[in-house]
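All remarks here apply to the structure that follows.
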Amino acid sequence: MEENHKPATSSSFKKGDDKEESSEVEKTEKETKSEQPQSQDIDDKEKEERAGIKHTLQKSYDDIETFLSKLENDAEAPDIPDFVHKYVDLVEKKLSKHEPLFHDDGSFLKVVDQISRLYKHLSDFVKAPLINRIGQIQQQAMCYLEDEFRSLLEEPDLKQEVVADQHGEDQSILDQSKEESNFSGYSYQVIPKLNKIAKEMIFGGYESECCEAYMVTRRNIIDETLNKLGYEKISIDEAQKMQWEALEKNIPPWIKAFKQCTKVYFSNECRLVETVFSGYPSLSTNLFSNIVRGVFLQLLNFVEAVATIKRSTEKLFKFLDIYDTLRDNLSSLDGVLPKWAEELRNEMTTTRCRIGEMAIFIFCDLENAIKSDTGKTPVPGGAVHPLTRYTMNYLKYACDEYKETIEKVFKDHSKIERANSTNKPRSYEGDSEKNKYDDENQSPFVGQVLRILDLLDSALEAKSKLYKDIALSCIFMMNNGRYMLQKIKSSAEIHQAMKDTWCRKTSSDLRNYHQTYKRETWMKLLGCLNVEGLNVNGKVVKPVLKERFKSFNAMFDDIHRTQSLWVVNDKQLQSELRVSISAIVIPAYRSFLARFSGYLDPGRQTEKYIKFQPEDIETFIDDLFDGNSGSMSRKKP
C-alpha cells in the first residue's frame, strides 16, 4: 500500500477541522466589517453543502444496498445505474476533504462495506475508470481503517464507546469482553470496535495489512511492558563483554519478565487475539504464534547469553535461579501454547538443560577451587583456613536455599557430573567397614558433596604440614574439622542428606587429633614430673628434684607463652581443650608438689623452684587459645 494513498486518522480529520475553523476565524478578524456578512454567507453555504452531501450519501446508501442485493443474486453483467456513479462521487468527495465518516452510528463501516462489495462484484464486469476509482476509494478507506486500528491498539487505556451493531453480530464479543474488563490493558468498550475493523479489513482483502498492524503494535507494546519491569535485551556478544556484576543485575528482571509472560501476558494475548479476530481461528492462531514466539525466543536468548559467559563458583546460584524459573513455569505454558508450540517447549527444555549442565559444571568447579589453593603460608595460630570457610559456607548456602533444585539438577545430569569429577574420595576406596557412606543409592548430589568434603580434608592435611610444631598442626586440623562439622550439623538439609556417617567419622578424626595434641604437648610436660631417678638408696636427690621443677617451670612457661597465641574460635572446642588439659596436668602437678616440695629449703629455694601453685596452673591454662600474647602477670604471690 503506497503512503500517498493513506488518509489521516479520525483524530487527524478532527484536528484538520479545528485548524480550518481556527484559520477561518483569524481571517474573519482581519477582514473589514463590510466583508463579514460575505464571509458568513460562505460559511453557511459550506455547511449547507456538507449537510446536503450527508443527506444524499445516506439516501444513496439504500439504493446501493438494493443494487448489491441484485448483483449477489444475478450472475449476468449488470447495467450500472447513475446513482452508483453519484454514490462513488459522494464518497470520494467526502474522503478527499478528510472529513470523518466514522461516528458512533457506524456509518463509515457501512460505507466501507458497500465499497468493498461493489469492488468485489463489479470487478468482473466493469472496466476502468469506474472500477479503478472504486478501488482507489477502497484503498483510501482501508488506510483510514488501518490507522484507526493501529491507533486503538497503541492506546490500551483509551476509553471508546462501543460502536452499535445494528445486526447484533458482535453481541457475543461484547458479552465475552465484559467478563474480562481488561484485555491486556484494553477496556471492554474498545474490543468490539477492534473486532469490527479487523473483519472489515479482512473482508475487503486487506488481511495482511491488518495482521501486520496488529502484530507489530502488540509486539512493541509487550516489549515496552517488559522494559518497564527492568528487562533489557542482551545479545550473546554483549553478555560476553559485560562484567558479571552488571550482567547479574539483569537476571532478577528477566525472572520477573519470564514469569509475567508465561503466567499473565501470554494468556491475555491469546484471549485478546482470539477476540479481536473472532471468526478467524487460523488467523488468530498464526498471529498469536508469531507474537509469542518472538517474545519467548527473545527471553530464551538472554539465558543462552548468560550460559556463554566464563563460569565461576559464585555464579552458581543465579544459574539455579534461572533453572528454577524455567522449570517452574513450563507447566504454565501448557494451558496457553497449543500443539503447534511444541517447538517452543523443546526450545525451553533445551535451554533449561543447558543451564542445568552449566550449574553442574560450576558446582564441580569447587573441586578445582580447592585444588588450586596451593598457598604455602600457614594460617597464624592454627585458625580456620579461609578455604574451609568459603567451601563450607558455599555448601551450606547451596543446601539450605537450593537443595531441591540442585538435587533435581544433579539427578537429571548425573552423567555430566560423573564425567566432570573423576577423583573419588578416599571413603569410596576399599571395603573398609568405616566407609559406610559409600551408598550406591545415594543421590549424585550427595556423592559430589562427599567428594568435595574429602578433597577439602585432604587439602587441609597437606596445609597442616606447613606447621613445624606438630601440636599446632593438630590444633589447625581440630579447628577446621570442628568448623566443617558445625556447618554440616547447622544445616538440616545437608545433615539429613548425608545422614550421620560423615559426622561420626569426622568426630572420630577430631578425637584422634586431640589425643595427638595432648601427647605432643602435655605428656611431654608431665615427663618433668616423673619420679623415676629422684630416689637413690631411699633418699631424694635434691639436685635432680631441683632440675625437675626447673624444667617444668621453663616448659610450662614456654607452652603458655606460645599457645596463648594460638587460636580456637569455637568456644566449645576451646573449653573442651582447656578442661582436658587441666584434667591431666593439675592433678599430676598437685601430687608431685605435695610429695616433693618439702624436700626444698623454705624461703629463697622454694620461691626459686616452685613458681606455680596448682591454682596458677589452672589460671594460665585458661589463657590458652585466645590468640593473645601470654603473660604470667596473674601469677599469685
Side-chain angles (χ1 to χ4, degrees), residues 1 9-11 102 104 106 108-110 112-113 116 141-226 260-261 264-296 335-338 340-341:
M1 183 170 20
T9 63
S10 60
S11 58
F102 198 168
D104 290 345
F108 182 72
L109 284 176
K110 296 177 183 178
V112 174
D113 181 69
S116 295
M142 288 299 171
C143 287
Y144 179 95
L145 282 183
E146 182 181 346
D147 288 342
E148 185 74 10
F149 189 66
R150 196 185 301 271
S151 177
L152 290 174
L153 286 171
E154 288 174 348
E155 301 179 43
D157 295 326
L158 185 63
K159 303 295 183 182
Q160 295 281 354
E161 293 294 330
V162 178
V163 179
D165 182 6
Q166 296 180 355
H167 302 288
E169 63 182 11
D170 287 318
Q171 186 59 41
S172 62
I173 302 297
L174 182 59
D175 292 340
Q176 180 183 353
S177 59
K178 280 184 176 179
E179 293 177 4
E180 285 289 341
S181 61
N182 189 306
F183 285 76
S184 298
Y186 301 98
S187 70
Y188 65 82
Q189 296 170 311
V190 173
I191 300 300
K193 192 171 185 179
L194 289 169
N195 175 256
K196 281 176 171 290
I197 296 175
K199 283 185 175 180
E200 197 56 57
M201 291 187 70
I202 293 171
F203 176 76
Y206 284 75
E207 175 184 312
S208 61
E209 287 82 356
C210 180
C211 292
E212 180 71 15
Y214 181 90
M215 187 167 61
V216 171
T217 305
R218 285 302 305 155
R219 178 61 192 273
N220 290 338
I221 290 174
I222 292 176
D223 287 344
E224 182 181 351
T225 302
L226 297 181
Q260 285 291 96
C261 282
V264 179
Y265 297 156
F266 288 168
S267 58
N268 284 351
E269 191 65 37
C270 180
R271 187 166 59 252
L272 177 65
V273 71
E274 287 178 351
T275 307
V276 171
F277 292 90
S278 64
Y280 304 95
S282 177
L283 194 61
S284 64
T285 297
N286 288 334
L287 281 172
F288 180 65
S289 170
N290 291 332
I291 293 172
V292 169
R293 176 181 172 80
V295 175
F296 196 73
V336 179
L337 301 180
W340 51 260

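Predicted model only: the values in this text are computed from it and were never measured.
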Results of side-chain hydrogen bond (donor to acceptor under 3.5 Å, both in side chains) for N286 - residues two or more places apart only | none
Do side-chain atoms of T285 reach the backbone of P281 as a donor and acceptor pair under 3.5 angstrom?
-> yes
Say whether, by atom type as modelled, one donor and one acceptor occur between the side chain of N220 and the main chain of V216 under 3.5 angstrom.
-> yes
Intermediate values then yes/no, side chain to side chain contact (heavy atoms under 4.5 Å, CB included), I197 and L152 | CA-CA 10 Å; I197 296 175; L152 290 174; 4.1 Å; yes
Examine the side chains of R293 and N290 and answer whether a donor and an acceptor come within less than 3.5 Å of each other.
-> no
Those residues that, when tested against T217, pass side-chain contact (heavy atoms from CB on, under 4.5 Å) (two or more places apart) = R150, L153, E154, I221
To the nearest 0.5 angstrom, please state how far the CG atom of L287 sits from the SG atom of C270.
-> 11.5 Å
ring-ring contact (aromatic ring centres under 6.0 Å, His included) filter on F149, not counting sequence neighbours, yields none
dist C143:SG -> M201:CE (nearest 0.5 Å) comes out at 8.0 Å
Decide yes or no for E146 and E212: does some side-chain heavy atom of the first lie under 4.5 Å from some side-chain heavy atom of the second?
-> no
Taking it one step at a time, do L226 and Y265 satisfy side chain to side chain contact (heavy atoms under 4.5 Å, CB included)?
-> CA-CA 10 Å; L226 297 181; Y265 297 156; 3.8 Å; yes
Student check: side-chain heavy atoms of S278 and K199 closer than 4.5 Å = yes
Shortest non-hydrogen separation from N195 to V276 and the atoms involved | ND2-O, 2.8 Å
Using the six-membered ring wherever Trp is involved, compare the ring planes of Y214 and F277 and label them parallel, tilted or perpendicular (cut-offs 30° and 60°).
-> perpendicular
Point-to-point distance, once rounded to the nearest 0.5 Å, from OG of S151 to CG of L145 = 12.5 Å
Derivation of the side chain to side chain contact (heavy atoms under 4.5 Å, CB included) call for L272 and R218 = CA-CA 10 Å; L272 177 65; R218 285 302 305 155; 3.6 Å; yes
Which heavy atom in T275 sits nearest to a heavy atom in I191, and how many Å separate them?
-> CG2-CG2, 3.3 Å
Sequence-distant partners of S116, side-chain hydrogen bond (donor to acceptor under 3.5 Å, both in side chains), two or more places apart = Q138
Rounding to 0.5 Å, atoms CE (M215) and CD1 (I291) come to a distance of 7.0 Å
